[in-house]
Every structure is written in structure tokens, then in C-alpha cells.
4 protein chains.
Amino acid sequence: MTDQDLLLVFDETVTRAGVDRWLRHLESAGAPTQIYRLGAGHVLPVSTMDSAGTVDAVAAAGPDLPAPTRRVPREGQAWLGRRELRPGGTHVSLGPVTIGDGSVAVIAGPCAVENPEQMNATAELVAAHGAVALRGGAFKPRTSPHAFQGLGFSGLELLVEARKRTGLPFVTEVVDAEHVKRLAEVVDGFQIGARNMQNFALLSAVGQSGLPVVLKRGFGCTVEETLAAGEYLLLEGNDQVMLCERGIRTFEPSARFTLDLTAVALWKQRTHLPVIVDPSHSGGRPELVEPLSLAAVAAGADALLIDVHVQPEQALCDGNQALRPEQFAGLMERLAGAAAGLGRRLSGGH
Amino acid sequence: MTDQDLLLVFDETVTRAGVDRWLRHLESAGAPTQIYRLGAGHVLPVSTMDSAGTVDAVAAAGPDLPAPTRRVPREGQAWLGRRELRPGGTHVSLGPVTIGDGSVAVIAGPCAVENPEQMNATAELVAAHGAVALRGGAFKPRTSPHAFQGLGFSGLELLVEARKRTGLPFVTEVVDAEHVKRLAEVVDGFQIGARNMQNFALLSAVGQSGLPVVLKRGFGCTVEETLAAGEYLLLEGNDQVMLCERGIRTFEPSARFTLDLTAVALWKQRTHLPVIVDPSHSGGRPELVEPLSLAAVAAGADALLIDVHVQPEQALCDGNQALRPEQFAGLMERLAGAAAGLGRRLSGGH
Amino acid sequence: MTDQDLLLVFDETVTRAGVDRWLRHLESAGAPTQIYRLGAGHVLPVSTMDSAGTVDAVAAAGPDLPAPTRRVPREGQAWLGRRELRPGGTHVSLGPVTIGDGSVAVIAGPCAVENPEQMNATAELVAAHGAVALRGGAFKPRTSPHAFQGLGFSGLELLVEARKRTGLPFVTEVVDAEHVKRLAEVVDGFQIGARNMQNFALLSAVGQSGLPVVLKRGFGCTVEETLAAGEYLLLEGNDQVMLCERGIRTFEPSARFTLDLTAVALWKQRTHLPVIVDPSHSGGRPELVEPLSLAAVAAGADALLIDVHVQPEQALCDGNQALRPEQFAGLMERLAGAAAGLGRRLSGGH
Amino acid sequence: MTDQDLLLVFDETVTRAGVDRWLRHLESAGAPTQIYRLGAGHVLPVSTMDSAGTVDAVAAAGPDLPAPTRRVPREGQAWLGRRELRPGGTHVSLGPVTIGDGSVAVIAGPCAVENPEQMNATAELVAAHGAVALRGGAFKPRTSPHAFQGLGFSGLELLVEARKRTGLPFVTEVVDAEHVKRLAEVVDGFQIGARNMQNFALLSAVGQSGLPVVLKRGFGCTVEETLAAGEYLLLEGNDQVMLCERGIRTFEPSARFTLDLTAVALWKQRTHLPVIVDPSHSGGRPELVEPLSLAAVAAGADALLIDVHVQPEQALCDGNQALRPEQFAGLMERLAGAAAGLGRRLSGGH
């Protein structure tokens, strides 16, 4: 072992009591540290630089100390999320759905929740064609304060109603740390929007909820900064975190954003967190959704977040990018084929 | 008058009572609207599209109604901030300092507040060389949760102490809407960081404080999006808003960010809000601060935000971009010359 | 028919003599135009704005004039390449290989031709695993004049030798209009590099060769500018043009360039020209080649351009991005699966 | 002296014969090298890594060998252009005008040469207001082959005529290596456009002409790549090279390009070549030219390249960015003031 920092990773088979004994052992050897939670497991960082005695202390661990599941070097500024800590990847449980198990999950729904008819019709449509979860915005962060900001908490009730009708869990965006507790009582998962990816107060509040979170990459933020933002959630003891690529800002004006699938490939290699792609907001055009969805799955995405609207021309927000019912049905069929060709399958048995 | 929306702008010489009479007059003519505050004045948007009678109603305004100071078309999604509403520009009062009056104000200090010695020494230094306000971060939004996050409220006390010693007002960053009220009791002005430019909950809270705000452009956000973010502050009735260019993300790796002085020129033409430039965080290198500062003033900036550190090599945060004392002194001298050549002067009589 | 420009498109079943008669008919009606070649067919633009009589002239065409295969509006600045002119897409014949027929063609080889052993070993390897054409640079445009510039014409001989051994055609980059004629005697296809995409003198010279061309997108150029660059080649009567996405410059530093698969989807919708993707130069890392290749095919790419080196660590140029033999073998296997899942197949029967 | 490469720099006071003796001395010591020209001086790179004896050989140089003017480390891939070789900067002689001597030179004229009236009227106007050289495009590289490509050689004659009338030298763009010799007979200086910055065949041909060259930065190219492109010109023994910042591609849509004045500051620190800024093509709007020009000079630019048109609304190319006569007059006045405030002056005594 060379002169660097080390992480002792204990999976859920090692009790907290055992990890606490490690902590005391290290402290008594002059190498104080602290325990981090990673799901039902724990991580103990050990600095072999700060303290000469640390290496010996680790080596001298007696049989009363539980063996770490793995020992990995501590690298980068987002080390809790690094893939080496969980080579098999993290499974996120969004209601009854598992994301990150190798299957391809489709989360679909309207950009903004508008009214009961729209929400229910869209939810039933996407459920019928194989979506395993719903999306829909009740709180919409808008560039201008003069634009439609969403229905707020009354929109939330429509999502609850749609969940009841279809049995599908839902994710919805949270824009204010003060809303987290109230929302946490009803949502299945949170979404943090691109504009708030580095709103660290919001990240901490959402992390504390313990609920699944779709963390969207800021359109001006890097691959590594997104991992670091995810680390704010992980640090609260919440490992139910999914990173979402939704396009970055570039000089190219032909689409709303430039989808960065290199980021998807890099995240799959660098972090144990599941990766989601939002082809709807990235391209900003319905005719781009299918090719970008197929490409995203081929690049390794665990899930897709897709805007569907039963009547796009009447949408209050971003309707010009939503898929129509028949487009969504076609997409699901092609996705199933592509997944099979890649040795995967659509989540939900489709 | 053509078929478009119109703003009736009333400056501070028109009483609220007079504006209220306009509101009732329009309502009775079937053209309901609402009153917006702009500093000590008011703005009344009139839609000539929604209501056929509106044009006539405006034309039919009798002598009992005060004449609007000006009538301007309502354009864009950030219309309260448009220059047409205040062609002379907004004057922001940061403590005793006026920003936006044609002079060049220099706001200087350490990136992060670290300890009393550093804060006081830096404050006295910049005061001695002509800075008219202090900057210093007590709350530092950091990419990684494992990095130094600032001293928090205890850092704030050091800023208060430095203000007492030098007589200079200070601005400091706010990262959490929950902190706004407590901070508002002591700060002279807020700073909203680039990462939070579209944290709309924070914008609204800061807007409500009524205090001056330096709103930093998000490094992935456009010129128009920054104007729209400023509009969130204006909508709370707070016109003490300054837009700050601090570099955007581009493909160029030679500097930390690419300073966009085209944005400064555009803002000076499009908005009545003062414009600030931060050459320190943009370039990320001390040797870039002087040329970028001079260029910023030549492009029309009303103020500069400059990192200075008495011992940059010991800085806890971004020390590698701070100016040393002698560099700052040289900069102030060159700035005074450049300002004179442009028909301006340094704020504070230098 | 509304008030706009129109293209009369004649496919190869209409003789040049027939198109000439159309030209004379229009001229005699006061609507002079000119004939453009598109492969073995022709296109006649008709301006319905410049000449009041044109519409009537088109309508009045008698039975002696051959019916156009199709009539499409003239839109954009790159109208010869628009998909409407050839909804079935252009087939490019690179030696015995057809690109653009729905199959997935893999073109592989070393970044730079270095010596006979390297070239032959790599060529035999990629042939054995299903590549249908070779790539290899004899002339390397390098950022710095002090860097290795390729073997030049002697490198070309090594490509010819490799073709003889494997039976695979090859493409190679041309960097100087003066080289075109000499190269055209031996190469199967040209490549125009990203740095030369808007070197219009080179484009015209290569267009005149009539040989297949891989036109790489400039890393700072847009989707539409690439179409316009392709138009320079088409205007020379050469329709054997393939557009190649190889990554664009963005703020993201984790990979060498950001692969823009949205561009691939847009080109497949907007132009009849085949689309190629180069995942090797885009990502700049071998571990990115497989996910980006699969994603490119899923987004609709007709072919891939892949760097392979039998001993990457000894490469003179960009060795750190080349696939090793076993990586290439694995990639071809996964590509075959993905193609099948998308209802396609690998070119060459694999 | 540490373990690195070294450049022996000989200025024009050292004869070529003396430098040749150095070459033979090093060869006889087992350290073969080659002589590079830098204007009227020479540079001899000495590798202290390749040859153990080199350091000794340099140290053992006897009194028969002329002392190098300076010894500087060889760094980067564009070392002939590095400022350390000529700390005082290179002076470029464009006809009777010197660029790079600390003054601010204004080069102005129409984007494209259109006809004698336009060219002459514009030339006389800009001469009357203090421009010291003319610009005007006879060959226009256009994105689309269907757009106006310039008057070609007949446009060149109009520039010659305008030079005769005003006495001002002119620069004009060259787009084809085959044109260089013919153009070199009449032009005062070449311009290489942004799209051709990495057209290395063109760079070499222009370098060989020995004439002054304005090398425009590619809009997708970095600060260092521009230096490396300049190195292609320097390597031909031509030191009359000026780097021109004209805006880069970014996500910001409010202006045509984003002017990168950080690049200007970096180039002034890194290279001895003069730096020019083109605010007209960067901003793409006349109202941006003045603030960007002032900012460019403040950032250290040696010259400005400005589009002026006597009747912008009739321009065949980019007329919407040209200054009108009265705008140009106002700009020159403000520039003179700003230059004075910076301790500089306008070239030509204004």
C-alpha cells in the first residue's frame, strides 16, 4: 500500500457495532476518522498521509474487527460515489421499480401537470405502453418570473391521483428546500432540476429525506461537478441517487441542448449510481426523442425520462418537445428491440 | 400606438395614490392590470391585445390622472429591468457608495474570510488604495462537499469588524434562503453566486430584503437569462440590483472561464441596472486581473469585484487568483488613468 | 404551389437530353436556370419569385418534356444535399463496399500509417474481425509544425500494400489541394479532416475527383455548416459524400471532444448523404469507443471510423485512443448484436 | 541549467556566419541541431536531453563564437513565437505603418470589396478619420457555395486603386495557396481567415511570401492552437505575423461570436507577435463595435480591424455589422481618448 488515502468499505453484512469498533481502534492508534453511511453499509476513510501510525493500525487489526468488504483508494472529490466502492452498482427503489439492475426503465409523463384530464389520460397511456414510472412537474422553475410556474401543491394532488389510477410511482421536481418535508410525505422520488444542481442547500435537504432523487446535470456543469453534486446527497446517508444527463450548452443551435452521451459512458465507469437520460428536454423536438433514446440506452443508460402529452399543441410548457401517444408507442417497441440486441430488457417485463 | 403591450412608467414624483387612480380607471374601462414597484416609482402594464377598450381607456385619461413619466412598449420576459424604463440608469446605494452614476467603483477583498488578521489587513490595504467597498465570503458554495465551506456566521463578524475599521461597506454571498433575514441585519449588500443564479427561491428571498444585490451570471447562462434572473429580484420591489459578469464556460482551457465583455456592452444597452465585472474569478490568474479590469471598464462596467489577499500563497480558497498588495496598488493607478481617458473617474475621488 | 423556389429533380432514368429540353423550355419562357448534377441524375432549380412566368412555364410543360421524378421546395443554403431530393438516401460505393444502404459499415485501422509491419498487422486484424474498409493517415495535419506530420506519399504505398493483402478498400486524409490528383490515382476514398472542413479550395478539388469522401465536421462548426461544406463537394457533381461526426468543442474536459449524436439524428433527417461517426477521435480514450460506437449506431449512423493499433503504446500519433486487438474483436461482436436489435446488420455479412 | 531544452537566440547584430560557426561547434561536440530564422536574427535549439555533451559544449564555447543575445528555455509546441525570444515584441511593417510599437493602429474598410464607388468612398472616409491601413475582401470564404464569393482578382484591383488614392496600405484575405504568388505582387499584407487557421498548406505558402500576415483565430480553436498556427508562418522565416482575435463559438446567442479578450491578454504575455482584434465580425452588430474596440485596446491589442461601409444597408456581405461614417468618426475620437488614458496613442499621430 502506497502513501495515499484509503477507504475501508463495509457492506450491509457488517454491523454498525463492528464499524464502531474499527473507529475506536483507529482513534486509539492516533488516527481519528469518521463513519460515513452508504446505503445499509458504511465507509471509513483512513488517511495514510496525515498519520504515520495509520498503516500499521490497519495492518494490526485483530480478529475482533470485522474485515472490510473492500479496500479502495480515496480519489477525487466525490469519493463516496465512486464505482470502486460498489462495483455492482447501486439499485434504486422507486416505489416497486428497481433502477440500476441492468434493465431499461422508462419514466414518462407530461412536462407540467396541468389538469386532471391531461394528467390521467397521459398516465394511463404511458402505463399501457410499458412505462414503469410517471414524471410530471407541479413546481416549474422558469427562466422568467412572468412565465407559468406550475400548479404547485394542487398539481401534486393530480400526480397522487394518477398514481392511484395506474399503480405507477412518480417523481416530481422540488425547487425550494422549504418544500422538501411536505413533498416527502407523498412523492415516490424527487427530481432536482438542472438550474438547481449546485443549489447545495436544496441538495442537503433532499438528501435528508432518504427518498430516491433524480439529479439533473446543470447545462453548464461538467461530468465531475455532477458527481460532486451527487456527493452532497450521498453525504446525508442517502444512496438512492440517480444522475441525469439532459443536454449541455454548446455553440450548436440546431437543438435546444447538446446531449452528452460521453458523460453517460463516463458515469457508468466512474460511479455506482444509476444513470438516466432525458432526451426530451435535451433535443427540444419530438423527432429527436427516438434516436436519442435508443442511443442513450446503447451508451449504457439505466433509465429514460420522456415527455409525453396527449395533446402537445395544448401544453402549457414545452409542449413542442413532447411525444404524441402513437410516437410513444412506437418508441417503446423500438426500445424493446434495441435492449434485446444489447443483452438487456425493458423494465416491467416489456 | 400599435397593437402591442405597453408600460406606463411613473417615477417617484407620482404618488402611489395617483397610480392607484390609474388602476381603477383602467379596471372600470375593462382593462384590469396590476401595479409593479420600481424603486420609489411604479409601473403599470397595459395589454392592448387582451382588451379592445384599453387603448381608448389610456387615451381617455382625464386631467385627474397623473401623466406617466414615460410610455414604453413591453418587450421580452424581463421587462421591468429594460433600459427604456429608466434611460438614465439605476443608482445603487451600497452603504455610502453610489454605483451606476458613471464612476468606476472598486469592490475588493479576499475570496474567503479566513481570520481577523487576514480580513483586517486586506481591508485596510484595499481601503488605502481606493477601494470603496469590501468583498469577502463567509459562506462558500463549493463544488465538493468535502471542501472548505467558509466560516459561516463567524466569518460574518469579521466582515463587520473590517467595516468598522475602514468605514467601507461590504457585500457577501448568501447561499441559503433561510439565512437571508439574519444576514440582512448586518450586511450592506448581498451577493448571489453563479451557481445560484437560477435558484429562484433564493432570488425571491433576497429581493424581499430590499438590500443591494450583486447577481452573478451563471457560467452556463445567457445574457437574457441573467436579465430574467434579475427580474425575480425586481419583482419583489427591490431595484437595488447589479448584474455581474464573471466569465462563462467555453472550450478554451487557458483561463478558468472566458470573460464575456460583449455581455457587459449588451447589458449596458438593454437594462438600467448597473453592471459589475469580476476579473479575478473569471481569469483565475493574478496576471490576468489588470488587463481584464481595464477592458471591463472600457466596455462600460460600473464596478469591479477584485480578489486581494495579503498572503495569497496561504489562502484557503482560490488564493492562486488573488492580487498581492503591490499588484492591487498598481491596478488602481492604471484604472484611474483609463477611467480618465474614457471621460470617467474612479468612485471615491481617486 | 406557393410563392417560393422549387427544385425539379430528375433521377437517372431521365436522360441529360431531356433535362436540356427543360432548360431550353424555361429559358424561352423567360426563366433562365442551370442544370446541377446529382449522381447520375440532375436537378433544375426554378425560381418562382424572380420570374412571374416561371410557375406557368412549369405548369405548361408539354408531353415532350420528361416528368421530374419529384418536385421539392428549395430550402436552406445546402439544398442539393437535402433529403427531400433523395428520400431513399445516397449509396456510396467505397471500392466493393456500399455505405448508406441500411447496414452498418466499420472502417478501421491505425490513426497514422507508421511502417509496413504495423500497417499490415493492423489491416489483417481488422479484416479478420469484420471491418469492410481500412483507414490510415499518411498525411497528418498537426496543430504544431514541430510534431510528426505523417509519412506522406511513402505512407500511401503502405496503404496500397495493405489493401492488396486484405482486399479491403481504404480512405486516407488529404491536406493539400495540390495532392488531390496524385492521390486520386490510388486511394479508394478521401478523408477531409475537421480542421479543413471549411477549406473550400480543398473541398472543390476533392469534389472534382469524383471519388468517395469522408467529410469530417469541424470541431467548432455547426450541423448546418457541415451540410453547407458537403454542398461544395456536391456542386462539383460528386454525390459520393459522407458526413462524419467526430466530436465538437465544449466546456467539458473529461473527454477530448463531446460527441454530438444529436447531429447524427438531424443529418439522417435532413440530408440524403450517409453519416459516419468517429468515436475514437471524439472520446480520445479506448474505454469510450465501445459505448460511443453502440450509441452512434443506435442514433442512426451508417458507418464507424475506428482507430485500432496492434501496439497502442508504440503509436506515433494518438495511440492512447486506439483499440487493442481484443477490444476491437469484442466491439465487433457487440455491434452485431446491437445492429440486429435495431433491425439492421453489419456490412460484410457479419 | 537544468535538464531541459534551450534556445540560443541571436539578434540581427550577430551575423549568419557567426551562427553557422555555432552550428559546427555543436555538431563537432556531438549535438547536431539546425538554424531557425526569426526576422533578421537566428535561433538555435539545443537539446540538453538528447545529448549528454551538449551542456558542456555550450559552456565550452570559445571567444570565436558570438555570444547569444539571450538563452531561453524551449517550452511548448510554438517556441519560435514565445515572448521570451523577443521581450520587446515584434514590429510588423505594413507598408509605412508599424504595428506592435505600443501605438494603436486602426485598419478599416468594407467587409467585401463591391465596386469602385463603394471602395473609394469608404477608403477616403476611414483615411480622413485616422485609419492607417485598409481592409477589404476580394475573396470571401462563404459557408455556402451558393452565396456571394467576392469579386476575386478584379476586387483586388479596386483595393490597389483605393491605396493609390489614400496612400494607405491594405490587407486582404487569401483563401487558396495557389493564389499566394499572384497576390503577393500587389498586396501589402495577407489575411488568413478563421476557417483557414489550420489550413497548414495555406499557412506555409503565405509564410514563404515574407509579407505581413493577419492570422485570424479559428472560432473553435484555442489560444495555444493559434500560437501553433502562427508557428507555421514563423517556421518559413517570416516574422511579420499578427494574431487576430475575432470571437469564438460559445453557447451565448446574443452576439454572433463571443469576443475573448482573455486571449488578447494571454497572447500579449506569451508571444512577441502583435495582437489584433476584430470587433466587427465578433459582435456582428454595429452598436457593439465601440465598446468592444475600447475594451480590446484596454486589454492590450496593438491594432483593430473594423468594418466600415458608406451605405451598410446596401452591403453584399455582413453589412449589418458595419459602422456608418459618423459612427466611425465617433469611435476614432473615443479611441484616442482611451489610448491616452492608457499611456498609448493612436498610430498615425491621431
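Keep in mind the model is a prediction, meaning the values are calculated, not measured. Letters A, B, ... are given to chains in the order of the sequence lines, protein chains preceding strands, and every chain is numbered from 1.
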To the nearest 0.5 Å, atom OG1 of B:Thr143 lies from atom CG of A:Leu227 at 12.0 Å
What is the ring orientation for B:His146 with A:Tyr36, classed by angle as parallel under 30°, tilted 30 to 60°, or perpendicular over 60°?
perpendicular
Rounded to the nearest 0.5 Å, what separates atom CD in A:Gln77 from atom CZ in B:Arg142?
7.5 Å
With chain B, which of A:Ala177, A:Ala228, A:Ala194 has the greatest number of heavy-atom pairs at distances under 4.5 Å?
A:Ala228
Might you confirm whether atom CD of A:Glu178 has over 12 heavy atoms from other residues, nucleotides or ligands at distances under 6.0 Å?
no
Short side-chain to backbone donor-acceptor contact, B:Arg249 and A:Gly220, under 3.5 Å
yes
Is it the case that atom CZ in A:Arg182 sees more than 12 heavy atoms from other parts of the structure closer than 6.0 Å?
no
Return the OG to CD distance between A:Ser144 and B:Glu225, rounded to the nearest 0.5 Å.
11.0 Å
Can you tell which part of A:Asn199 gets under 4.5 Å to a heavy atom of chain B, answering side chain, backbone, both or neither?
both
Which atoms of A:Tyr232 are under 4.5 Å from chain B, going by heavy atoms: the side chain, the backbone, both sets, or neither?
both
Counting only heavy atoms closer than 4.5 Å, note whether A:Ser204 contacts chain B via side chain, backbone, both or neither.
neither
Heavy-atom pair count under 4.5 Å with chain B, highest-scoring of A:Ala147, A:Ala201, A:Ala78, A:Gly193
A:Ala201
State the CZ-CG distance between B:Phe200 and A:Asn196, to the nearest 0.5 angstrom.
8.0 Å
Given heavy-atom pairs under 4.5 angstrom as the criterion, report whether the side chain, backbone, both or neither of A:Glu224 touches chain B.
neither
